[in-house]
Structures are given as structure tokens and as C-alpha cells.
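Down below is the structure, laid out as C-alpha cells.
Numbering of residues begins at 1 and proceeds along the displayed sequence. What you see below is based on every heavy atom in this structure, not just the backbone, and it leaves out hydrogens, waters and symmetry mates.
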Amino acid sequence: MAAPSLVFIFGIFGNIVSFMVYLAPLQTFYRVYKRKSAEGFQSLPYVVALFSAMLWMYYGLLKSDKSLLIPINAIGCTIESLYIIMYLVYAPQPARFSTVKMLLMVNVISFGTILLSTFYLIHKASVRLTALGWICSVFSVCVFAAPLMIMRKVIRTKSVEFLPFPLSCCLTLCAVMWFFYGLLVKDYYIALPNVLGFIFGIAQMLLYVIYRNAKKDVVPVPEVALNVLDLTKLETDMDKKKKETEAPNTHQIIICDGVDPAVVIVRPTETIV
């Protein structure tokens with residue numbers, strides 16, 4: 001099979017799998033819509049995903065060939081923008097304010113700085129493409145390294161609650177498709193970051209397989225049973241003999257805390273008439 005055909009095949013499959021990844025949060029936002037509240041959810045992943053799609057779309061536009069990066073990242077920008085708009089509609093006031101601040105810092109100021117500096121300060125097209133390629137690659141490495149926190153949490157808690165297997169599988173497959181696409185078009189800014197994405201994706205799936213049936217280590221908390229028995233109410237002969245040796249108006253109370261029972265002698269204050 002000719003190289004152009006393979007490039008097209010891996011590019012199309014990369015677009016399809018990336019589209020599935022973009023649709024992964026739909027269930028989350030359906031819950032937000034049903035609850036009419038985004039409380040408990042964070043907007044940072046969607047702001048970062050929008051910034052990544054913007055960067056790669058700009059990179060695709062700068063390339064002289066008809067890059068397959070453009071359509072999927074244009075779709076990604078649209079989908080992530082819709083997610084953020086829905087989050088802003090249903091988020092509490094403080095979360096809404098912090099999200100708007102993040103959008104201004106990341107997607108307006110940071111992207112605007114990259115766009116203006118590469119477009120106006122770098123006049124040679126090849127140098128501009130190289131500079132933007134390095135920026136995209138470094139940012140992609142940071143995004144791929146983000147699941148390290150989730151992986152650490154899985155190992156610590158022995159729970160895969162925060163590690164959905166279908167999403168990990170899609171991300172790994174996505175990394176494979178874009179790696180071969182970048183390799184075939186000889187664009188190592190696309191290929192090399194996806195090597196790291198593939199490694200982290202495999203690691204996440206292995207963790208899922210290891211801990212999916214693992215029981216959490218629950219440290220038993222000793223149940224403290226406080227049983228108080230007033231022995232003055234017991235009418236046994238032994239108790240009567242005991243009471244004769246004790247002072248009047250004295251009560252003996254046994255307190256059992258589940259470990260060692262303790263005997264406490266309680267002497268009420270004498271009242272002088």
C-alpha cells in the first residue's frame with residue numbers, strides 16, 4: 001500500500017477516535033443538565049482541551065499540505081466550547097468566575113501571545129512552523145503526563161473509580177493513530193508526543209486490569225461499646241456482702257470500652273441535714 005494511502009487511513013482513523021474522545025464527557029454534562037448544577041465538577045480539563053485544539057488547528061493551518069489535523073481540531077474547539085458554555089450556565093458563582101478567569105488567561109492571553117509572536121516576530125515560514133511545533137509538542141507532553149495524578153490515586157486507593165477503561169482505551173488508540181500519521185508524514189512534532197501518550201495509556205489499562213477486582217484495604221475501627229451496669233440493682237448474695245464492706249451511698253459501676261473493663265467507684269456527695 002502506498003504511503004499517501006496509509007497517511008490518509010491513519011489520519012481518518014485518528015479523526016474518528018479523537019472525535020469519540022471529545023464526546024466522552026457527554027454523560028457528565030447530561031448529569032449536569034439533569035441536576036441543573038455543575039457543583040462538584042471542574043472546568044480545567046475542558047479549558048485545557050480547548051487550548052490544545054486551538055494550538056493544533058493553528059499548526060495544521062500553517063502546514064503547506066492539506067493536514068488532517070484541521071477538521072478534528074475545529075470540531076474539538078466547537079465541542080469544548082459548548083462544554084464550557086454549559087458549565088458556565090450551571091456552575092456556582094465562584095466556579096463561574098474562576099472559569100472565566102482561566103479562559104482569559106489561557107485561551108485569550110496565552111494563545112493570543114503565541115499567535116502574534118509566531119506570526120509577526122518570526123517571518124520565515126519554516127522557522128515559524130518549527131517554533132509552533134515545539135510549543136505544541138511540549139504542551140502535548142504536559143497533557144499526556146496529567147493522568148499521572150490519577151494513576152497515583154488508583155495505586156494508593158486500589159480503586160479504579162476515577163479511571164474509566166473505555167476512555168483510557170480510546171486515548172491509547174488515538175495516540176497510536178496519530179503516532180503513525182506523524183511518522184508517515186515525517187512530522188515528529190506530532191509523532192513523538194504520542195509515544196508518551198501510548199505509554200501512559202498502556203500503563204492506565206494495566207492498572208485497571210490489576211485493580212478492577214481489588215478490594216480496598218479497610219482498616220477496622222474498633223467499635224466502642226459502653227455498657228454501664230449499676231450493681232446496686234442486682235440482688236445477689238455476693239453483691240449484698242460486697243455492699244456491706246463499702247461505704248453507704250456508694251455505687252460501683254463497671255464500664256466496658258471494648259478493650260479492658262474498668263471498675264469505677266462513685267461516691268455521691270453526702271448531704272448534711
Identify each donor-acceptor pair in which a side-chain atom of residues 14-35 lies under 3.5 Å from a protein atom, sequence neighbours left out, and give them as a table.
| from | atom 1 | to | atom 2 | distance (Å) |
| --- | --- | --- | --- | --- |
| N15 | OD1 | I72 | N | 3.3 |
| N15 | ND2 | G11 | O | 2.6 |
| N15 | ND2 | L68 | O | 3.2 |
| S18 | OG | G14 | O | 2.7 |
| S18 | OG | W178 | NE1 | 2.9 |
| R35 | NH2 | E39 | O | 3.3 |

Exercise for the section: Give a yes or no answer on whether the side chain of S110 reaches the backbone of N107 with a donor-acceptor pair at less than 3.5 Å. Expected result: no
Completion exercise
Interatomic distance, CG@L88 vs OG1@T99, rounded to 0.5 Å, equals 5.5 Å
Exercise for the section: Report the distance from atom CD of E80 to atom OG of S43, rounding to the nearest 0.5 Å. Expected result: 11.5 Å
Problem - Pairwise distance CG(L103) to CD1(I109) - rounded to 0.5 angstrom - result: 11.0 Å
Exercise for the section: State which residues pass side-chain contact (heavy atoms from CB on, under 4.5 Å) with I202; sequence neighbours excluded, sorted by chain then number. Expected result: T172, F198, M205, L206
Problem - Pairing residues for F139 by the ring-ring contact (aromatic ring centres under 6.0 Å, His included) criterion, not counting sequence neighbours - result: F51
Practice task
Kindly determine whether I155 and L207 satisfy side-chain contact (heavy atoms from CB on, under 4.5 Å), including the steps that lead there.
Solution key: CA-CA 8 Å; I155 295 170; L207 282 178; 3.8 Å; yes
Exercise for the section: Please identify each residue that fulfils side-chain hydrogen bond (donor to acceptor under 3.5 Å, both in side chains) with Y46, with sequence neighbours left out. Expected result: none
Practice task
Check whether V89 and V47 end up in the same hydrophobic cluster, where Ile, Leu, Val, Met, Phe, Trp and Tyr are linked by side-chain heavy atoms less than 4.5 Å apart.
Solution key: yes
Handout entry: Pairs touching residues 88-104 that satisfy salt bridge (Lys or Arg N to Asp or Glu O under 4.0 Å), sequence neighbours left out
Key = none
Practice task
Please answer: with hydrophobic residues joined when any side-chain heavy atoms are less than 4.5 Å apart, are V108 and M54 in the same cluster?
Solution key: yes
Handout entry: Within one Ile-Leu-Val-Met-Phe-Trp-Tyr cluster: V138 and I199, side-chain cutoff 4.5 Å
Key = no
Completion exercise
The complete set of salt bridge (Lys or Arg N to Asp or Glu O under 4.0 Å) pairs with one or both residues in residues 179-205, sequence neighbours excluded, reads K63-D187
Practice task
Nearest 0.5 Å please: distance from the CG atom of L55 over to the CG atom of L115.
Solution key: 10.0 Å
Handout entry: Pairs touching residues 87-109 that satisfy ring pair (Phe, Tyr, Trp, His ring centres under 6.0 Å), sequence neighbours left out
Key = none
Fill in the blank from the handout: Residue pairs meeting ring pair (Phe, Tyr, Trp, His ring centres under 6.0 Å), one or both in residues 107-135, sequence neighbours left out, come to W134-Y189
Exercise for the section: Kindly write out the residues that satisfy side-chain hydrogen bond (donor to acceptor under 3.5 Å, both in side chains) with S52, not counting sequence neighbours, or none if the list is empty. Expected result: none
Handout entry: Common cluster, M102/L82, ILVMFWY with side-chain heavy-atom separation under 4.5 Å
Key = no
Practice task
Sequence neighbours left out, what passes side-chain contact (heavy atoms from CB on, under 4.5 Å) with S81? Give chain and number order.
Solution key: L50
Exercise for the section: Please indicate whether K36 has more than 12 foreign heavy atoms, meaning atoms of other residues, nucleotides or ligands, lying under 6.0 Å from its NZ. Expected result: yes
Fill in the blank from the handout: Residues at least two apart in sequence or cross-chain that pass side-chain contact (heavy atoms from CB on, under 4.5 Å) with F10, listed by chain then number, are L6, M177, F180, Y181, L184
Problem - Verify same cluster id: V7, I190 (apolar side-chain graph, 4.5 Å) - result: yes
Problem - All pairs passing salt bridge (Lys or Arg N to Asp or Glu O under 4.0 Å) where residues 44-61 contributes a residue, at least two apart - result: none
Exercise for the section: Report yes if the side chains of T118 and L62 come closer than 4.5 Å at any heavy-atom pair, otherwise no. Expected result: no
Problem - Beyond-backbone contact of S140 with W56, side-chain heavy atoms, under 4.5 angstrom - result: yes
Problem - Any Y58 side-chain heavy atom under 4.5 Å of N73 side chain - result: no
